[in-house]
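One structure is given below, encoded as structure tokens.
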There are 2 protein chains.
Amino acid sequence: MTAYQSYPQFYVSVDCIIFGFAEGHLKVLIHQRPYEPGMGEQSLIGGFVQTNESVDSSAKRILKEFTGLDNVYMQQLAAYGEVERDPGERVISIVYYALINVDNYDQTFSDLHNAKWVDVDHLPTLCLDHRDMVQKARRKLGETIKNEPIGSNLLPRYFTLSLLQALYESILGTSIDKRNFRRAISEKDYIKPTGMIDKASSRRGATLYQFTMND
Amino acid sequence: MTAYQSYPQFYVSVDCIIFGFAEGHLKVLIHQRPYEPGMGEQSLIGGFVQTNESVDSSAKRILKEFTGLDNVYMQQLAAYGEVERDPGERVISIVYYALINVDNYDQTFSDLHNAKWVDVDHLPTLCLDHRDMVQKARRKLGETIKNEPIGSNLLPRYFTLSLLQALYESILGTSIDKRNFRRAISEKDYIKPTGMIDKASSRRGATLYQFTMND
DNA sequence: TCAAAAAGTGTAGCGCGCACACTTTATGTT
DNA sequence: AACATAAAGTGTGCGCGCTACACTTTTTGA
């Protein structure tokens, strides 16, 4: 027997900021909160930690329930532990963010969970402290993408440099000079041109690139 | 009534990596774990979250219990949530690190809690996943000190540049060129020379500096 | 007076981030 | 057929920060 029994216990939830990139903008998947209090309000994807799973696995499980996706890039962001953060009961939330390729996202899940993609720059009112969480996650994502090849998680397998630049601009919230951007990318050893040309997105056609970390 | 009651609850602990700087090295305060399982093993300073306090306040309370100190620089590091991380019962731990000036640390607390300072570069075996926590905290501390004037929390009010450099070297785990270091510091607007000379630490005597963020 | 120990001080090269504008190529319209 | 449009693609130069590098000054204790 342990000496822990004199201590209180808490509901522990996981909230996921699921980022996607669509229509040239960074988006977040939200849905309508399915329980009281605040039922029907806009909410991040979340759920409660179960006894038989680690907090990390809990995050993965919840992500899978809401997107059908496995093997997703996920990072822990922070724990939120204010006493009154949830007006119902005391809930401590551990927050993760995930990057998914929206092309892999099966839209039937949207209907199932009343989920939708919203632009990070035009967030609707979110319940509890969820807005805070999104902004913190977006900041961290911005720091990370400068050094690590995480763009591969948000983009299709083949992409033009214009699309890649739009992704960076949307994450960082700044505009980037095209020449500087292209030079910087050409110096990365994990992004390489394929021989292919994309004719759909422009008249002239643009070279398609791909991430090549695991080649 | 909320719909949460069907979900499990968990013990939530706080572990604190309390950093101090003494004898030219970055140190961590540890003590002997006061409860089973693993009673008597070396452990970070920790405790359990109470119902009436936020997780942040819990960390502050625990820090105060073990050091007597208030108003300390503290940052949340991460949540640790593996199912079997604690061999006793399921405990989810939220980890903070704190920076204190060891001169302000009342040594009577050491005796009270069997606490002692250990060198971060020569950690003894720690219980559970505490070693991991320390290393993660040290990495984050290193990133932070490059840009922010957090050294003020670890140093006495007045200090020589040699001491400051030793602090940076110990946190970063590298040696730094003296001239480069001094130039970099002189460009910071939050560290300024006082007119005073310290005669204790060297024959020649060295200018004493201070942090001046709030002047 | 001499050895030791720490304080203090300047320069030059390199890579990185950033500013900046025109040409090329294909298509759709008139 | 030619012309307008739209996006792709392409180099140079500057300033800043990071790094490498060695000797002089000052004081004290032996």
task = Apply side chain to side chain donor-acceptor pair (under 3.5 Å) to the pair A:Asp15 and A:Ser93, showing each step before the final yes or no.
result = CA-CA 7 Å; A:Asp15 288 301; A:Ser93 180; 2.6 Å; yes

To the nearest Å, give me how far apart [atom1] ([X]) and [atom2] ([N]) are.
| X | N | atom1 | atom2 | result |
| --- | --- | --- | --- | --- |
| A:Asp177 | D:dA8 | CG | C1' | 14 Å |
| A:Lys188 | C:dG17 | NZ | C1' | 12 Å |
| A:Gln165 | D:dA7 | CD | C1' | 12 Å |
| A:Phe181 | C:dC16 | CZ | C1' | 16 Å |
| A:Ile185 | D:dT10 | CD1 | C1' | 16 Å |
| B:Arg183 | C:dG8 | CZ | C1' | 13 Å |
| A:Lys199 | D:dA8 | NZ | C1' | 11 Å |
| B:Asn180 | D:dC21 | CG | C1' | 9 Å |

B:Asp132 backbone acceptor or donor facing B:Asp129 side chain under 3.5 Å = no

inquiry  = Has B:Gln165 got a side-chain atom pairing as donor or acceptor with B:Ile176's backbone, closer than 3.5 angstrom?
reply    = yes

query = Any idea which of C:dT9, D:dT25, C:dC18 is nearest the B:Arg204 side chain?
reply = D:dT25

ask   = Any side-chain N or O of B:Arg182 under 4.0 Å from OP1/OP2 of C:dG8?
value = yes

inquiry  = With a 4.0 Å cutoff (strictly under), does any side-chain N or O of A:Ser202 reach OP1 or OP2 of C:dT25?
reply    = no

note = Whichever of A:Gly205 and A:Glu187 has the more 5' nearest nucleotide on DNA chain C, that residue is A:Glu187

ask   = Could A:Arg61 and A:Glu65 be called an ion pair, given the rule that one side-chain N must be under 4.0 Å from one carboxylate O?
value = yes

inquiry  = Please list, in numerical order, the residues of residues 154-163 of chain A that have a heavy atom closer than 4.0 Å to any atom of DNA chain C.
reply    = none

query = Is any side-chain N or O of B:Arg179 under 3.5 Å from a base N or O of C:dT11, one able to act as donor and the other as acceptor?
reply = no

message = Would the base of D:dA8 count as contacting A:Lys178 through its side chain, where contact means a donor and an acceptor less than 3.5 Å apart?
response = yes

Side chain to side chain donor-acceptor pair (under 3.5 Å) evaluation trace for B:Tyr105 with B:Ser110 = CA-CA 9 Å; B:Tyr105 174 67; B:Ser110 299; 3.1 Å; yes

query = Are there more than 12 heavy atoms of other residues, nucleotides or ligands under 6.0 Å from atom CG of B:Asp106?
reply = yes

query = Going through the distances and angles, do B:Arg183 and B:Asp177 end up as a salt bridge (Lys or Arg N to Asp or Glu O under 4.0 Å)?
reply = CA-CA 10 Å; B:Arg183 180 167 359 88; B:Asp177 178 84; 5.9 Å; no

